[in-house]
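Structure record follows, encoded as structure tokens.
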Amino acid sequence: MKKLPVVLALLLAVGLQAQIQPAHLHSSRHFYAPTGRTIPADSIYLNWVGPLIDVNFGITDHLTAGIGTPLFTGVYGTLNYGGALNEQESIYGRVGNLTGFPVVGNGLYSLPYGAITFGPAHSEITLAGGYFFMSNGLQETLFGSDADALNPNSPILSIGGYHQLNNRLGLAYEAWYLTASDWVIIMPGVRFYTNRSRRYWNIGIIRLSAPYVQRVYDPVTGESTNVRKIQNITLPMFSFAAYL
């Protein structure tokens, strides 16, 4: 009977390890936002988030490269470096850059960033920051005469996290805020693991606050003026990731 508590403790430890194992395979991101952790060397990781599809390659345990496309309207490449920042491996950091080009039209966009993650893979929080840049040529292609009012160039702040509930289910969230252009993106969701934890689905919502230009007619002067406003949109969000 004296050995019973020891046996129960060992079984509990094994059970907890089984619960948190799936999170380690997919700890490099929440939905789209990266964490401080990278994918293992020689691995290929597919990630699909709504209109975005990308594939990441583990060059080493610390260096990752990737390529992706937003609905095949353009193509982007990524390169990032990360790893543990302390001996306990409870804090991870990553720096990187994403640069893309449209399929049709001129210009480019770029996002240098850094992220720091606190906590184990099965229960963590990540803080990130960067700067989103879009060239004038691409702004004119996307926004036309409203390019000046809708200029998206801005510092970015991001927060995200993941909390695993059991060996098949977890909660994930991420939020982005472009401080100078008033874009806000909030994505909470539930993660379901399949196929021995090598794949998962995220199901949730995306809450988007985005600027737009409304033309207002003045009956006194007979002229129209452009007014910059914010619109809020809520949509379902689906995400899928897998090791190939």
Side-chain angles (χ1 to χ4, degrees), residues 28-35 38 44-57 59 63-82 94-115 128-160 174-187 206-216 224-233 235 237-241:
S28 64
R29 65 178 67 218
H30 303 120
F31 302 118
Y32 188 75
T35 70
T38 57
I44 302 176
Y45 198 60
L46 170 68
N47 190 51
W48 163 56
V49 186
L52 299 170
I53 302 174
D54 67 13
V55 180
N56 288 273
F57 310 90
I59 300 173
L63 185 65
T64 303
I67 187 170
T69 177
L71 273 180
F72 304 99
T73 60
V75 61
Y76 61 81
T78 63
L79 185 67
N80 55 79
Y81 182 88
R94 190 196 317 201
V95 293
N97 186 77
L98 179 152
T99 298
F101 305 87
V103 173
V104 178
N106 300 317
L108 60 87
Y109 55 92
S110 184
L111 174 58
Y113 66 87
Y131 187 87
F132 181 75
F133 168 79
M134 181 181 291
S135 66
N136 292 335
L138 186 53
Q139 289 184 49
E140 293 175 358
T141 299
L142 294 176
F143 308 124
S145 60
D146 298 329
D148 290 339
L150 300 180
N151 183 346
N153 293 349
S154 171
I156 292 182
L157 299 178
S158 176
I159 183 172
E174 67 182 62
W176 302 66
Y177 175 41
L178 279 69
T179 61
S181 56
D182 299 324
W183 284 78
V184 179
I185 303 172
I186 301 174
M187 292 188 290
I206 177 170
R207 174 71 171 182
L208 173 65
S209 295
Y212 71 100
V213 172
Q214 181 177 1
R215 288 168 176 80
V216 178
S224 295
T225 58
N226 294 336
V227 179
R228 190 176 188 271
K229 295 186 175 182
I230 302 295
Q231 59 184 340
N232 297 308
I233 304 171
L235 298 170
M237 186 276 297
F238 300 96
S239 171
F240 171 77

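For clarity, every value in this text was computed on a predicted model and none was experimentally measured.
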In short, Ser158 meets Ala33 closest at the heavy-atom pair OG-CB, 4.4 Å
Polar side-chain atom of Thr69 near backbone of Gly74 as donor-acceptor pair, under 3.5 Å: yes
- request: Check whether the side chains of Asn56 and Thr64 place a donor and an acceptor atom closer than 3.5 Å, and report yes or no.
  value: no
Q. Is any side-chain heavy atom of Leu111 less than 4.5 Å from a side-chain heavy atom of Ile156?
A. yes
Check: Gln231 and Leu208 side chains under 4.5 Å, non-hydrogen atoms:
no
Between Asn80 and Leu63 the two heavy atoms that sit nearest each other are O-CD1, 3.4 Å
Under a 4.5 Å cut-off applied to non-hydrogen side-chain atoms, are Thr35 and Arg94 in contact?
yes
Would you say the side chain of Pro152 lies within less than 4.5 Å of the side chain of Gln139, judging by non-hydrogen atoms? yes
* Asked: In this structure, are over 12 heavy atoms from other groups packed under 6.0 Å from Asn226 atom CG?
  -> yes
Within the structure provided, determine whether Ile67 and Val75 are in side-chain contact (heavy-atom separation under 4.5 Å).
yes
Notebook entry, point to check: Can you find a pair of side-chain heavy atoms, one from Leu46 and one from Ile53, that are under 4.5 Å apart?
Noted result: yes
- prompt: Taking the side chain from Ser239 and the backbone from Phe31, do they hold a donor-acceptor pair closer than 3.5 Å?
  reply: no
Shortest non-hydrogen pair, Thr179 vs Ser154, comes out as N-OG, 3.0 Å
Sequence neighbours excluded, the answer for side-chain contact (heavy atoms from CB on, under 4.5 Å) partners of Thr225 is Val216, Val227
**Message:** Between Trp183 (side chain only) and Ile185 (backbone N and O only), is there a donor and an acceptor less than 3.5 Å apart?
**Reply:** no
### Query
When you look at Ser28 and Thr38, which way does the side chain to side chain contact (heavy atoms under 4.5 Å, CB included) test go after all the steps?
CA-CA 5 Å; Ser28 64; Thr38 57; 5.7 Å; no
Practice prompt. Taking atom types as modelled, find out whether Asp182 and Tyr177 have a side-chain donor-acceptor pair closer than 3.5 angstrom.
Written response: no
- prompt: Just by distance, do the side chain of Asn106 and the backbone of Gly137 share a donor-acceptor pair under 3.5 Å?
  reply: no
Exercise for review: Tell me, with the steps shown, if Asp146 and Glu140 meet side chain to side chain contact (heavy atoms under 4.5 Å, CB included).
Suggested key: CA-CA 8 Å; Asp146 298 329; Glu140 293 175 358; over 6 Å; no
Practice problem: Quick one: sort the Tyr32 and Tyr76 rings into parallel, tilted or perpendicular, breaks at 30° and 60°. | Solution: perpendicular
Here the pair of heavy atoms bringing Arg228 nearest to Ser181 is NH2-O, 3.1 Å
Sorted by chain and residue number, the side-chain hydrogen bond (donor to acceptor under 3.5 Å, both in side chains) partners of Thr73 (sequence neighbours excluded) come out as none
Ser110 meets the side-chain hydrogen bond (donor to acceptor under 3.5 Å, both in side chains) criterion, sequence neighbours left out, with Asn97, Thr99
Q | Note, Phe133 side chain near Tyr109 side chain (heavy atom, < 4.5 Å) | A | no
In terms of heavy-atom contacts, Tyr113 and Pro34 come closest through CE1-CG, 3.6 Å
State, with a plain yes or no, whether a side-chain heavy atom of Asn153 is found less than 4.5 Å away from one of Tyr131. yes
